[in-house]
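Just follow the structure's listing: the first ligand is 1, and inside any ligand the first atom is 1.
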Amino acid sequence: MKIFAITVSLFLLVQINHSSAQKASDSKMNQFISNLMSRMTIDEKIGQLNLSGAGDITTGQTTSSGIGKKIKEGKVGGLLNIKTVSKIRAVQKIAVEEARLKIPLLFGMDVIHGYQTIFPIPLGLSCTWDMSLIEQSARIAAQEASADGLCWTFAPMVDISRDPRWGRMSEGSGEDPYLGACVAKAMVKGFQGEDLRKNNSILACVKHFALYGATESGREYNTTDMSRIRMYNEYFPPYKAAVEAGAGSVMSSFNEVDGLPATANKWLMNEVLRKQWGFTGFVVTDYTAISELTEHGLGDLQEVSTQALQAGIDFDMVSEGFLTTLKKSLETGRVTRAQIDLGCRRILEAKYKLGLFDDPYRYCDDNRAKTEIFTPGNLKVSRHIAGQSLVLLKNDNQILPLRKEGTIAVIGPLSDNKFNMTGTWSVAADFSKCISLLSGIKAAAGNDTRILTAWGTNILNDSILDSRVSVFGKPTFRQSRPQNEMIAEAVEVAKKADVIVAAVGECAEMSGECSSRSDINLPDNQKELLKALLATGKPVVMVLFNGRPLALSWENANVPAILEVWFPGSEAGNAIADILFGEVNPAGKLTSTFPQNAGQIPIYYNSKNTGRPLISGTWFTKFRSNYLDVSNEPVYPFGYGLSYTKFTYGDLKLSSSITKGNHPIAASISLTNSGKVDGAEVVQLYIRDVVGSVTRPLKELKGFQKIFLKVGETKQVTFTITPDDLKFYNRDLKYDWEPGDFVIMIGGNSRDLKSAKVTWMK
Ligand code: BGC
């Protein structure tokens, strides 16, 4: 008891010391900023609210460029998408040597899944279910970006999406709010490090606030509409988690929320983000989102800029609505000086917290740029993480792993295509340095294996579609030969092989921003190639590159082995080869549901029951909730993924079947590696709240553990469940739990679960 009391007092003392140190440093910052602002003209304050595109800047002529002139006049608070130490130093020099008040600029960029060392696309990263690896990927990204002059990233993107038609699913962590919140937190911690003032930490920016992933019909930038109860329970948790993890900035989304675009939505920015969640950083708009408010039908540039400022937006990305109209609005009384001051203060605070007032060149170290970017060490980590992100979807007759002998035919338009290995948003990458699948296989296969190759077919037959996705320096390397000729050649090659590896799927820019698809099948010409390869009778391993769940009914029924590789990043080929040859045992699990066809969308595991649920075991009953032409089941459920070994689950045991108040219960299950190789399994915990004051999902993910087991080993996996795991937002948007029965479920995916019931009283 005594020891406990001493520990508590020590803890409180540390807390008090910490908070008084925090208060002292806050008051020092406030004083500094107040002092600076007292010397600023209104034009200079408005200038701080302007985030400009790098435009015409090239090293050597910065001062004479249009942007250079604006910086000198104090009309720019930061720049986006400019990189390298020399360029950033040159621009910063104008701000701190030629502008009247010498206020340093912020330099931001879309560092989404790595800087030059590229990691898997975020959707792939989430399939690792490994928060320390995800944090590490963000840490390395921050390390590299900051070594190249940057201090701010427009990441993490944490939009929940249940719609694979939407191309930007690739940039998020899938469909689940709980997992999404864990990933959001890990990314913020990785980017911002332990201390934002260190020159290898960069400011995170949580985006896109809010609900961007719920865009109607999966069409890019489309309208979003949903009940507030759904927002709070199903879409908000990752943004909130990122804010709680200390994210310094938030980006408003393009879409509308509750009838008003996010960028003009006071309820969203001030009520939810700032008041309810306690966010104290700044809010930046998405690219030209203020001027786009005019297209939304909210008025001319002056009017919409006023609305954005009043809604709590601080930083105007590229629209120049604040820059060109706020002074007029101030003069006519449409906005107040206090509103402008508030935005300006928040931007200056971020600069202060990053240490830019102490040293505006703290991120401009030529030596770091030379030694800390794209290092062998970082590439090694990238390869490891990529291996963990791959998901084995099917492996009939244990075709995989491949043996390093005989002849392997590597066929398909993504087999030797290093420009399409990183996927979307890899702005700083040098694609020519990426490892293609063919190179990876050749490097791994050894001298006793013969490797043959053929193109097989283009990624897309339609040349117009092809031109729409051959962007940002990522050509698809289209061949002009007829399809039948390419297929015939591939079949000849395949016939000489013992096994075929078919590299098919999407090219990098078939997903990402403004890459919505109404048809989420593998393109027909690629299916035709697969059919021809299967017809040879040789075993086919499909290596699938893509940035979203695809409709794989046919492939699942016909291709014996399928490895989902997403876009694995710089080390793609090596990481895939590690899995193909069994150096690494696959452990990735899906974080989004794979539908049978686009007509089932939205399809997600944490759905509600309806009043007429389908009777279990059937797939159609008249007057039940179902389709005439397709069952309700997905091809692959959330949480699914195979291994080269077999994991056997024992019975689920609860420490008690009845409990009360804050008394936790323990749910445990034994897990055995009953296969022939060592491996890791992501054990997942789901809970169903059987009766509620509002309808509740059939199951919700509430915990997970990645467990490594040697062959024959058994471990008891235990989850401690507390009332916090039962909480949800009720009709009054109050976050609480309700007493009653709960079904506790544990298993290796959201479909195949062991369950037990607990009664929880208040
Ligand atoms: C995207 C954002 C991105 C911004 C800046 C926009 O088009 O929606 O995610 O951060 O551009 O590049």
Side-chain angles (χ1 to χ4, degrees), residues 50-55 57 67 76-83 105-115 121-123 138 141-142 145 150-161 166-173 184 187-188 191 202-215 218-224 238-239 242 247-257 261-263 281-293 295-296 308 313-321 423-429 471-473 508-509 511-516 547:
N50 183 37
L51 174 62
S52 190
I57 287 182
I67 293 287
V76 180
L79 282 191
L80 80 147
N81 293 347
I82 172 173
K83 63 181 170 77
L105 298 167
L106 284 175
F107 294 95
M109 193 187 234
D110 291 280
V111 181
I112 307 293
H113 52 113
Y115 183 66
I121 54 165
L123 188 58
L150 294 156
C151 59
W152 181 30
T153 175
F154 306 129
M157 188 280 212
V158 303
D159 303 322
I160 294 295
S161 183
W166 189 51
R168 301 196 83 169
M169 252 195 111
S170 52
E171 295 175 50
S173 301
M187 295 289 285
V188 170
F191 286 132
I202 59 177
L203 196 70
C205 181
V206 190
K207 69 186 189 184
H208 307 80
F209 191 58
L211 318 181
Y212 187 19
T215 176
R219 178 159 58 81
E220 186 61 294
Y221 315 128
N222 203 4
T223 306
T224 300
Y239 308 110
S249 65
V250 167
M251 185 185 290
S252 70
S253 57
F254 286 128
N255 56 282
E256 64 179 69
V257 172
T263 303
F282 68 82
V283 180
V284 61
T285 71
D286 203 342
Y287 204 94
T288 61
I290 291 187
S291 53
E292 289 171 26
L293 293 174
E295 296 283 0
H296 276 283
I313 300 291
D314 307 301
F315 221 5
D316 169 2
M317 190 193 285
V318 180
S319 289
E320 296 203 346
T424 191
W425 282 126
S426 27
V427 196
V471 289
F472 308 135
E509 294 300 331
S511 54
E513 185 169 352
C514 202
S515 288
S516 292

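Across every non-hydrogen atom of A145 and I202, the tightest pair is CB-CD1, 4.3 Å.
For W425, every heavy-atom contact with ligand 1 shorter than 4.0 Å involves the side chain, none the backbone. Contact annotation for M251 and ligand 1: only side-chain heavy atoms (C-beta onward) come within less than 4.0 Å of the ligand. At a heavy-atom cutoff of 4.0 Å, ligand 1 is contacted by no atom of E220, backbone or side chain.
Each of the following atoms of ligand 1 lies closer than 4.0 Å to a heavy atom of K207: 2 (C), 3 (C), 9 (O), 10 (O). Short contacts between ligand 1 and Y287, defined as distances under 4.0 Å to a heavy atom of the residue, involve ligand atoms 6 (C), 7 (O), 11 (O). Here is the list of ligand 1 atoms found below 4.0 Å of a heavy atom in F154: 10 (O). Each of the atoms 12 (O) of ligand 1 lies under 4.0 Å from some heavy atom of N81.
Note: F315 and W152 have parallel aromatic rings, judged against thresholds of 30 and 60 degrees for the angle between ring planes. The aromatic rings of F254 and Y221 sit perpendicular, their planes meeting at an angle over 60°, well past the 30° parallel limit.
Judged purely by distance below 3.5 Å, without hydrogens or angles, the side chains of S253 and N255 pair a donor atom with an acceptor atom. A donor and an acceptor atom, one from each side chain of T263 and T285, are nowhere located under 3.5 Å apart.
Every N/O-N/O distance between Y212 and ligand 1 stays at or above 3.5 Å. The N/O atoms of H208, backbone and side chain alike, include one that comes under 3.5 Å of an N/O atom in ligand 1.
Within the model, atoms OG of S173 and CD1 of I160 stand 7.5 Å from one another, a figure rounded to the nearest 0.5 Å. From H113, atom NE2 reaches atom CD1 of I121 across 7.0 Å, with rounding to the nearest 0.5 Å.
When V318, D286, T285 are ranked by how near their heavy atoms come to atom 2 (C) of ligand 1, first place goes to D286.
The shell of residues lying under 4.0 angstrom from ligand 1, judged by heavy atoms, includes R168.
With respect to atom 5 (C) of ligand 1, the closest heavy atom belonging to the protein is D110 OD2, 3.2 Å.
Note: F154 and W425 fail the aromatic proximity criterion, with ring centroids not under 6.0 Å apart.
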